[in-house]
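So the structure is just underneath, and the comments pick up after that.
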Amino acid sequence: MIQTILSHTAEIDDVERAVEEVKSELQSGGPLKKNTVGIIACHYEFALSGVVKTLCESLPFPVLGAITSAQAIPKTSDTLFLTLMVLTSDEVSFTVARTESLHGEPGKIIAQTYAEAAAAKAEKPALILAYAPFMPENSGDEYVNVLTEASGGIPCFGTLAVDDTADFSNSFIIHNGEHFNDRMSMLLICGDIKPKFFIATISQDKILGKSALITKSAGHILMEVNDRPVAEYFEDLGLTKASETSYAMTSLPFMLDYGDGTPQVSKVFIGLTPERYAICAGAMPEGSTLYIGVFDKADVLLTTGEAVEKALAEADGASAFLIYSCISRSISLGMEQLSELDLIREKVAGRLPFMMAYSGGEICPTRVSDAKAVNRFHNNAFVACVF
């Protein structure tokens, strides 16, 4: 149904050579079919140097994706790198859309963009791929919830862009050669595909037994647990000093149980507000139960390996394997920052075309049924989609 072609380049400065390398690999994959789209991941230098713009302008199909800090395809893994996954099919169709600026009313803008894109197709999409920038004032949970409501529960998968700067200032999305730090790009895939989703966070034995009930919050701001200030909760756990330094607790993910029978979802603690409330990288709904986990290199590789093996075991008939992993997982690997990427290359070993990139926030369903998908926004997670 879908043919997947992978290409890449490490050439940043010589734009013509970079484009030639990518297009040469694409041509070796054979002729394109009636419907084609490209999914891109690259270091931000490729956008700033003009490689992305020139490449996309030279291709006869739309391209969307996001900046990343590191990525892999079967041939190689690297940081200063550009990869392109091309999907081409005679039966499956692809619709690419981009929002206007998400400053102001992101929910309304995303819903309207989706509705206009979906209206162009007679059939309902089987899968939405979504790419958004890292915007501290906006919530990834809102992005996901709006897409779920607007689509009627279609499975949604994707990533928030992330770069390797100190303030993530170059975390752009890419849409047809242009790069933006305030817009979402989305791909609607229509046709007879049956996507499957796989998530890895943290091993159960790495989750501390003591739980807490979220009793007061406002979006991604956690104010009280167990009817006490969250700062006192950190004090009870001996985490007061760590909580006072931004991003110092990325190795201690919050695991949220929504109490609705769906799997726990991981969220990252970022820092404290002046009022000593906890700023998190995702919504912390009141009534949810919070657990703290302990994140380390060995567990990252263990859980990723298990998820990849499960995905491959259930990938009969699949044509593509798309993967995003939280930047915090890469950070936990220390000096061996490519070891998660290399592990995937070893395990997949030619069995399925894949592309993996690091993420500033992961979008993936935790459950899919005939009725609708339970789409979630994750942190600290490894998410994969086979289709």
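Each residue takes its place number in the sequence, starting with 1.
Ion pairing between K310 and E306 fails under the 4.0 Å rule for side-chain N and carboxylate O. We find that K75 and E25 are joined by a salt bridge, their nearest charged nitrogen and carboxylate oxygen being less than 4.0 Å apart. The existence of a salt bridge linking D260 and R367 is excluded, since no basic side-chain nitrogen approaches an acidic carboxylate oxygen closer than 4.0 Å. Note on E100 versus R98: salt bridge recorded, some NZ/NE/NH1/NH2 to OD/OE distance being below 4.0 Å.
Put simply, the side chain of R329 reaches to within 4.5 Å of the side chain of E340, judged on heavy atoms. Contact of the L312 side chain with the F321 side chain is registered, since non-hydrogen atoms from C-beta on lie closer than 4.5 Å. Here the side chains of L333 and L301 are in contact, with some heavy-atom distance below 4.5 Å. Contact of the Y233 side chain with the L290 side chain is registered, since non-hydrogen atoms from C-beta on lie closer than 4.5 Å. Annotation: side chain of I109 is in contact with side chain of L102 (closest heavy-atom distance under 4.5 Å).
For N35 and S93, the side-chain atoms include no donor-acceptor pair closer than 3.5 Å.
Checked by atom type and distance alone, the side chain of E11 pairs as donor or acceptor with a backbone atom of D14 at under 3.5 Å.
By the 6.0 Å contact criterion, CD on E20 is open, its count of non-hydrogen atoms from other residues, nucleotides or ligands being 12 or less.
For F81 and H8, the ring centers are positioned less than 6.0 Å apart.
The aromatic rings of F234 and F269 lie perpendicular to each other, with more than 60° between the two planes, well past the 30° mark.
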